[in-house]
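Written out below as structure tokens is the structure these notes cover.
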Amino acid sequence: MAQENHSNIRQYHKPLNINIGMIIFGVMFVYIIICIIMYMQTEHLSGYEVKEGALTVNNVYRGIALRQETIYESVDAGYVYYFVPEGTHVACGDLVYAVDSSSKLADLMNETTEEKALTNSDYNSLKTKIINYRSNFDEKEFSTVYDFKYDLQSEVAKLSNQAVLNAMNEMTETTGISKYYADRAGAVVFSSDGYENLTPQEITSQSFDEENYAKNQYLAANRFGKNDEVYKLVTAEDWEVIIQVDSERVPELVELKYVKVKFMEDQYETWGKITTYGNDEEKGITFVGLTFTTSMINYITDRFVNVELVLEEKTGLKIPNSAIAQRNFFLIEENYIIEHGSDKTLGVMRQTFTEDNEITTEFVETPIYNVDEEEGIYYVDESVLNVGDVLYQEDSIETCTVSKQASLTGVFNINKGYADFKQINILYDNDEYSIVESNTKYGLRAYDYIALDASTVVADQFVTEKGMDNFSK
């Protein structure tokens, strides 16, 4: 057998097949990864659409009620019985209370077993007190529980007044029972708290500390000592509520002179006269008095009342405070601002030099951001001029040197695709938003787009499409 010849055998090499689709996919994948990294590292500009709006301001205050109050002391020691409901008016000479120093009346009342039938009016009176207590209860002010207790006790004592009178009339021997009458007209109160002689000028921040506030309640059928406080008489319908107001707001209230006030307890509205007293500079507050000539009887047992000042809402363009920025500008006198060319572009004539070092002038366009018409001053962008530039008046040899600067409050308008500073006039603000004047010459208009966070913006910064996509409304 002949030997096989293997010399012509060659190893087969598989050809390299380049997949164009995979290459394109790989390039796109790398490009996407790079874009994501760049996007994550780029600080994006968020926008906000400006709209007309109103600013909600918290005008509810906790106030101290001051009245013309006189405290009366018991002439005799003994059990005291009241014959007028708390909070009602009495005329001069009306019977207010009686003192039983012999305990005969108390014994007679204890022996009485017949229950007094309550009328619908009596039930409604008790029901009203319970409903008011439940609606105004605050766990942080537990002392109101005791006030509620005393109110119910006073209400029950009031309902038993007729039984006491009947018992007194039935007694053949009245020795040891003394009756006392009002020496003037007024409204009766059966409590005291030490604020009776407090004047508005004496009010301090400590006066509003309710944790240290204590009310002494006079309870019917209890034993009183001689010269113990027994009742209080409010002798005038005029009264005043003192509130603590941020000192910045006081000029606004003083200008009004009178303000509509809503009492939060029952939503009753009336007008109060504005008076300012002392202030607490450390806390930045001023004590403001609201004087009323009506409705005193409605809150006669309350020393602290919640009131709301019903003021007109501040309306205008509503913008977030985060969008507000400060920016410096050069101050240029109006005599140096000229109109140039057929389109009357505003600018200045600035001194410059030729190649031969000869003095000449050039026109520099200067965007205007605000004008103080009273002073004749223009606010000019700092980026187009330099400190020390010499400016000429038109058709004159008078010159001035650029140096004076001032700041303006404004926002960055991004309507045109770049951050254009616009001056604003803030009418009112709170912690989150400001109301600014609309349609000013160099300011904002409704539906403008502004940068939401001014701290992330550089003047004249271009806004990318990705940045423009994120708008708050």
Side-chain angles (χ1 to χ4, degrees), residues 67 69-119 121-126 128-130 145-197 214-235 297 300-301 303:
R67 314 171 185 89
E69 301 166 299
T70 303
I71 295 178
Y72 290 84
E73 298 177 348
S74 178
V75 177
D76 298 315
Y79 293 94
V80 172
Y81 298 91
Y82 297 108
F83 298 101
V84 290
E86 185 175 39
T88 58
H89 280 283
V90 294
C92 180
D94 283 354
L95 176 63
V96 178
Y97 71 100
V99 177
D100 176 17
S101 58
S102 64
S103 300
K104 293 181 180 180
L105 184 57
D107 294 340
L108 181 62
M109 292 296 296
N110 291 332
E111 292 173 1
T112 302
T113 58
E114 181 182 356
E115 295 185 0
K116 180 182 182 298
L118 298 180
T119 65
S121 177
D122 296 334
Y123 281 118
N124 289 336
S125 180
L126 289 171
T128 299
K129 287 186 176 294
I130 295 172
V145 174
Y146 297 102
D147 293 338
F148 177 61
K149 170 187 173 183
Y150 297 140
D151 284 344
L152 289 183
Q153 288 177 337
S154 297
E155 189 69 18
V156 172
K158 180 189 74 173
L159 298 177
S160 65
N161 284 343
Q162 188 60 46
V164 176
L165 282 173
N166 293 338
M168 288 179 61
N169 294 332
E170 291 174 1
M171 292 177 65
T172 57
E173 179 63 46
T174 58
T175 304
I177 298 178
S178 303
K179 298 179 181 178
Y180 295 92
Y181 303 85
D183 63 353
R184 70 189 75 177
V188 176
V189 178
F190 299 130
S191 65
S192 63
D193 54 14
Y195 283 58
E196 285 77 16
N197 297 319
K215 180 188 287 188
N216 181 26
Q217 202 83 27
Y218 312 139
L219 300 178
N222 278 10
R223 186 173 181 83
F224 285 68
K226 185 177 181 180
N227 298 327
D228 282 352
E229 296 177 356
V230 68
Y231 79 98
K232 182 168 62 179
L233 203 61
V234 181
T235 56
I297 197 71
I300 193 170
T301 60
R303 181 63 67 187

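When reading the values below, keep in mind they use all heavy atoms of this one structure, side chains included, and skip hydrogens, waters and symmetry mates.
Residues passing the side chain to side chain donor-acceptor pair (under 3.5 Å) test with Y72, sequence neighbours excluded: D183, R184. Under the rule for a side chain to side chain contact (heavy atoms under 4.5 Å, CB included), the partners of I297 that lie at least two apart in sequence or sit in another chain are H89, A187, I300.
Side-chain rings of Y231 and Y82 stay apart, their centers remaining 6.0 Å or farther from each other.
Atoms OH and OH, on Y79 and Y81 in that order, are 7.5 Å from each other to the nearest 0.5 Å. With rounding to the nearest 0.5 Å, the separation of NZ in K232 from CG in D193 is 5.0 Å. Between atom NZ of residue K215 and atom CZ of residue R303 there is a gap of 8.5 Å, rounded to the nearest 0.5 Å. Note: S74 OG to D76 CG = 6.0 Å, rounded to the nearest 0.5 Å. To the nearest 0.5 Å, atom CG of residue D100 and atom CZ of residue F224 are 13.0 Å apart. Distance CZ/F83 to OH/Y181: 9.0 Å, rounded to 0.5 Å.
F190 and P85 make their closest contact through CE1-C, 4.3 Å (heavy atoms, listed as atom of the first residue, atom of the second, distance). Across E229 and S192, no two heavy atoms sit closer than the pair OE1-OG, 2.8 Å. In terms of heavy atoms, E196 sits closest to E69 at CA-OE1, 3.4 Å. In this structure, A182 and V90 approach most closely via the heavy-atom pair CB-CG2, 3.9 Å. Considering all non-hydrogen atoms of both residues, V75 and K226 come closest at O-CG, 3.2 Å.
Remark: the D228 side chain and the Y218 side chain contain no N/O donor-acceptor pair separated by less than 3.5 Å.
Residues V189 and E86 meet the side-chain proximity criterion, which asks for heavy atoms closer than 4.5 Å.
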